[in-house]
Amino acid sequence: MLPQNARHLSHPTPTPPPPHRRMTSLKKTALHALHSSRKAVMAEFAGYDMPISYPGMGVLKEHLYTREAAGIFDVSHMGQYEIRGADRERFLEWVTPVDLKRTAVTQGALTMITNAAGGIKDDCIVTKYEDHLFLVLNAGCKDKDMAHLEAMRAEFKGDVAFVPLERSLIALQGPQAAAIVGKYVADIPALDFMYGRQKVDVKGIPVQLTRCGYTGEDGFEIAVADSQAEALTELLLAEGAKLIGLGARDSLRLEAGLNLYGHELTEETTPVAARFMWSISKRRMEEGGFIGYEPIKHAKENASAVPQLRVGILSSGPVARENTPIELDGKVVGRLTSGCPSPCLKKNVGLGYVDRALAKKGTAVELVVRGKRVKAEVATPPFVPAHYYRKP
């Protein structure tokens, strides 16, 4: 998950804001000094001064290093919260369509905060623990999300409390991630994709570990106290992982066909149009009881209510970015919501929405890039195979 104002990250070399702006008005993560010491290209990102790329590698090499080895991403700008109280599960099943009855203790789920019209206020990850739920929100949406959740709590009849967690979040992603973590944490092969561990010791550093990420690779999101974030990062660097900026994080998630809030997902987008219905269980669709259920049910059962669907787009030549028109026979039939060159495929990849009748793999379309028509075709994401870990 990347925040709503991440549009510039589809470009390989965003222009950093003036230094005085970064110093005076932007928030900093606990790893900011480390990024600065490594002379990272910094830019505004969801109100934070964040690393986009690092010298000596750049977006392309950082992308490929994550696919081939292991990359370290500072995602501490994202929101981390505990939801406590006797009625926490009932509350979350009202404000999201998550199915906590079929979610095991220590298991996480990707879900969404829905509005009354069936649109998506944000996508989020919730992990179920014995005495609380752990919620991770997009950086660009966390303030509006929590305002919404507080408003819903005021209407809710039950015992619910939100506890914000002021700590860092580091994502270690790539085929070598498990081997690196396995040097310090016992029995990593027993930790399946989307499962977490609360109290883990990494060479004397207490962390919370979840096997997930936003690249399509195996990996972990590691929550750690701000005071120990740099020590943990240095430990991972010593094991051969490299710091990766948010520019490569965007191209990695696009190759993996993963949605980005503010692009593929919005308040006006239903999970039916976004092809996000896989995240809503059969029980939740049968029983309902969550905000936006009736409009989502109507959209699922009536094709005419969803005239366009999210698709992947492959093309060559000029790179098509967000808002590029998609045409067929000179008529606009859709629009890209994200796009970038694929370092792995040596083609251009994108996500977008097209008329329902054209949302089939192999459909030939055209992209209008800076006034030039570029041949393209509809594809089914992911564009590169996912390597999420599943226990044998």
Side-chain angles (χ1 to χ4, degrees), residues 1 4 90-103 109-124 126 138 141 144-145 148 151-152 155 257-313 322-338 350-367 376-382:
M1 297 185 295
Q4 182 173 357
R90 184 165 62 88
F91 174 80
L92 206 67
E93 284 203 350
W94 176 45
V95 296
T96 80
V98 70
D99 190 340
L100 292 171
K101 288 186 178 179
R102 76 168 190 176
T103 303
L110 177 63
T111 187
M112 69 202 90
I113 300 171
T114 46
N115 62 30
I120 301 170
K121 297 185 73 67
D122 196 9
D123 57 327
C124 56
V126 57
N138 282 315
C141 298
K144 73 157 188 171
D145 289 348
H148 169 73
M152 294 302 97
E155 296 183 17
L258 300 175
N259 292 324
L260 170 59
Y261 194 82
H263 291 233
E264 289 71 51
L265 308 178
T266 70
E267 293 255 9
E268 291 72 42
T269 309
T270 68
V272 177
R275 290 179 161 171
F276 201 10
M277 289 298 292
W278 60 265
S279 67
I280 307 180
S281 72
K282 181 180 178 182
R283 176 182 79 84
R284 296 310 320 269
M285 284 308 299
E286 288 178 346
E287 297 179 8
F290 59 87
I291 295 170
Y293 168 68
E294 291 297 340
I296 291 172
K297 182 173 183 287
H298 177 77
K300 183 175 184 289
E301 295 174 350
N302 297 274
S304 60
V306 188
Q308 292 194 329
L309 296 172
R310 191 208 68 157
V311 296
I313 297 288
E322 176 194 8
N323 287 327
T324 296
I326 304 171
E327 293 191 353
L328 181 64
D329 298 329
K331 177 187 175 184
V332 175
V333 294
R335 195 165 294 272
L336 279 192
T337 48
S338 298
L351 296 174
Y353 286 81
V354 298
D355 293 347
R356 178 183 280 269
L358 305 176
K360 300 173 185 175
K361 182 179 179 180
T363 301
V365 293
E366 291 182 329
L367 305 175
E377 68 175 58
V378 173
T380 302

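Basis for what follows: all heavy atoms, side chains included, without hydrogens, waters or symmetry-related copies. A quick note: this is a predicted structure, and the numbers were derived from the prediction, not measured.
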Any I326 side-chain heavy atom under 4.5 Å of L367 side chain: yes
Any donor-acceptor pair under 3.5 Å from R310 side chain to A273 backbone: no
Intermediate values then yes/no, side chain to side chain contact (heavy atoms under 4.5 Å, CB included), V365 and V354: CA-CA 10 Å; V365 293; V354 298; 5.6 Å; no
Over all atoms of both residues, closest heavy-atom pair of A299 and T270: CB-OG1, 4.5 Å
E264 versus T269, closest heavy-atom pair with distance: O-CG2, 3.7 Å
Side chains of L265 and M112 in contact at under 4.5 Å (non-hydrogen atoms): no
Where T111 and P97 come nearest, the two heavy atoms and their spacing: OG1-CD, 3.5 Å
Heavy-atom side-chain proximity of E322 to S338 below 4.5 angstrom: no
Side-chain (N115) to main-chain (E267) donor-acceptor, under 3.5 angstrom: yes
Distance, nearest 0.5 Å, that separates CG of D123 from CG of L110: 6.0 Å
Passing candidate, side-chain contact (heavy atoms from CB on, under 4.5 Å) with T337, options L260, T324, L351: L351
Closest non-hydrogen atom pair, Y261 against K144: OH-NZ, 3.5 Å
Heavy-atom closest contact (V311 atom, A359 atom, distance): CG1-CB, 3.6 Å
Residues, nucleotides or ligands: over 12 heavy atoms within 6.0 Å of D329 CG: no
Within-4.5 Å side-chain heavy-atom neighbours: K297 and M285: yes
Check: I291 and M152 side chains under 4.5 Å, non-hydrogen atoms: yes
Summary of side chain to side chain donor-acceptor pair (under 3.5 Å) pairs that have at least one residue in residues 279-292, sequence neighbours excluded: E93-R283, D99-S281, D99-R283, R283-E287
I113 side, atom CD1; D145 side, atom CG - distance, nearest 0.5 Å: 4.0 Å
Contact check, side chains of V126 and T96, non-hydrogen atoms, under 4.5 Å: no
Pairwise salt bridge (Lys or Arg N to Asp or Glu O under 4.0 Å) hits with a residue in residues 352-365, at least two apart: none
Rounded distance (nearest 0.5 Å) linking atom OG1 of T114 with atom CH2 of W94: 10.5 Å
Minimum-distance pair of heavy atoms, taken over all atoms of V98 and A109: CG2-CB, 4.0 Å
Rounded distance (nearest 0.5 Å) linking atom CG of L358 with atom CD of Q308: 9.0 Å
